[in-house]
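Structure first, then comments.
Throughout, protein chains are lettered first and strands after them, A, B, ... in sequence-line order, and every chain is numbered starting at 1. All of these numbers come straight from a predicted model, not from anything done at the bench.
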There are 2 protein chains.
Amino acid sequence: MIRNDTDYALRMVVYLAGRNPPGAATAELSAGLGVPHGFAQKILRRLAAAGILKVRLGRGGGFSLNRKPDRVSLREVIVAIQGPPRLNRCMAGPGACALQTSCKISASLKPIQRKLDAFLSGTSLSDILGRARPRRKAP
Amino acid sequence: MIRNDTDYALRMVVYLAGRNPPGAATAELSAGLGVPHGFAQKILRRLAAAGILKVRLGRGGGFSLNRKPDRVSLREVIVAIQGPPRLNRCMAGPGACALQTSCKISASLKPIQRKLDAFLSGTSLSDILGRARPRRKAP
DNA sequence: GTCGTCCTACTCGGATAAGGCTTGTCCGAGTCTAATCGG
DNA sequence: CCGATTAGACTCGGACAAGCCTTATCCGAGTAGGACGAC
């Protein structure tokens, strides 16, 4: 499940993707999106460290996207904050579960885990803003 | 994400589905599947309260499936222990998120949430045991 | 043989607790812009 | 008019703390099966 801080991150990143002119200080992001100021700062710094955001220091500074919105995937943002999203502990790779050889549950879960990964990797900020569609057809 | 206790629940339920003759005491389930005894008891009771397991009290008693393995879905087991699995808080329904009207993230997440639900609801214990395939084709 | 009693194995339901993780807060230090001031 | 200084706005990085949720543990009470003994 997507954590609260990750949700904040998504909100802020999407906001930045839609903003013109690009770039905003923590105060603007925090106030407009309901994220506590100090916490927003912490999250934004992590996003910057991951290379998703670009920092401009000093007066008039703030954060902006480091790439075009269609080059930033949902998954990337999630990974930067809470690590790879997994349905199950066992999905963390070999050795994550002692019963791995005998347990058939993780094997059954793998296909949907792969779909989830594909979806999150395949959906960009542009997709969310509605400037382009996700790969799925509209009803 | 599937929690540890839910994982235990799945293991035990799948074990019971595969066991012949049906039914086992907590001690057997606990020892064979690496679940702490007292904790296993607690989890099994919740599964029984949810109608997934059947209880037989007293000496020689224990737990057994209340239905045929192909009539018990993964989702049901998960819901019994940790509630409905959600990608996001916002998926909890109307009112879960204050920004719901303006936020496009949850809207984008909904399709994959639906797929996840469909998968978990559509996969039964039999599917996991390999006695029948999930609806997806084998590679 | 039959009935009743007791022992033992097992679950029920809830109280209780440790620990970790999430969710924040806060602060001194560093960085940059712009305004101000002196020449 | 030009350059240097200063004030202010903003981020950096990390320490620190509250609270909740997960992950258990434990125990008295209830229930059932089987053995054993009395009749």
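Between the CD atom in E28(A) and the CG atom in L33(A) there is a gap of 8.5 Å [rounded to 0.5 Å]. Here the straight-line distance linking atom OG of S73(A) with atom CD1 of I52(A) works out to 7.5 Å at 0.5 Å rounding.
For P84(A), the side-chain contact (heavy atoms from CB on, under 4.5 Å) partners two or more places apart in sequence, or in a different chain, are R75(A). With sequence neighbours excluded, no residue satisfies side-chain contact (heavy atoms from CB on, under 4.5 Å) with A31(A). Residues satisfying the side-chain contact (heavy atoms from CB on, under 4.5 Å) criterion with T6(A), sequence neighbours excluded, are I2(A), R3(A), I78(A), I81(A), Q82(A).
Residue-environment remark: CZ (R56(A)) stays at or below the threshold of 12 foreign heavy atoms within 6.0 Å.
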Next on the checklist: Checking D70(A) against L125(A) for the side chain to side chain contact (heavy atoms under 4.5 Å, CB included) test, could you report, in this order, the C-alpha distance in whole Å, the side-chain angles of both residues, the deciding distance, and whether it holds?
Outcome noted: CA-CA 6 Å; D70(A) 62 330; L125(A) 301 183; over 6 Å; no

Next on the checklist: Is there a side chain to side chain contact (heavy atoms under 4.5 Å, CB included) between V55(B) and L57(B)? Walk through the geometry before answering.
Outcome noted: CA-CA 6 Å; V55(B) 174; L57(B) 288 182; 3.9 Å; yes

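Only R56(A), L57(A), G58(A), R59(A), listed by number, bring a heavy atom of residues 47-62 of chain A to less than 4.0 angstrom from any atom of DNA chain C. Residues of residues 24-31 of chain A having a heavy atom closer than 4.0 Å to DNA chain D, listed by number: A25(A), T26(A).
At least one donor-acceptor pair under 3.5 Å links the side chain of Q113(B) to the backbone N or O of L87(B).
Rounded to an integer number of Å, the gap from CD1 of I78(B) to C1' of dT22(D) is 17 Å.
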Checklist outcome for this item: For nucleotides 20-27 of chain C, 5' to 3', base contacts (B), sugar-phosphate-only contacts (S) and non-contacts (-) with protein non-hydrogen atoms under 4.0 Å give --SSBB--

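With a 4.5 Å cut-off on side-chain heavy atoms, K110(B) and M91(B) count as touching.
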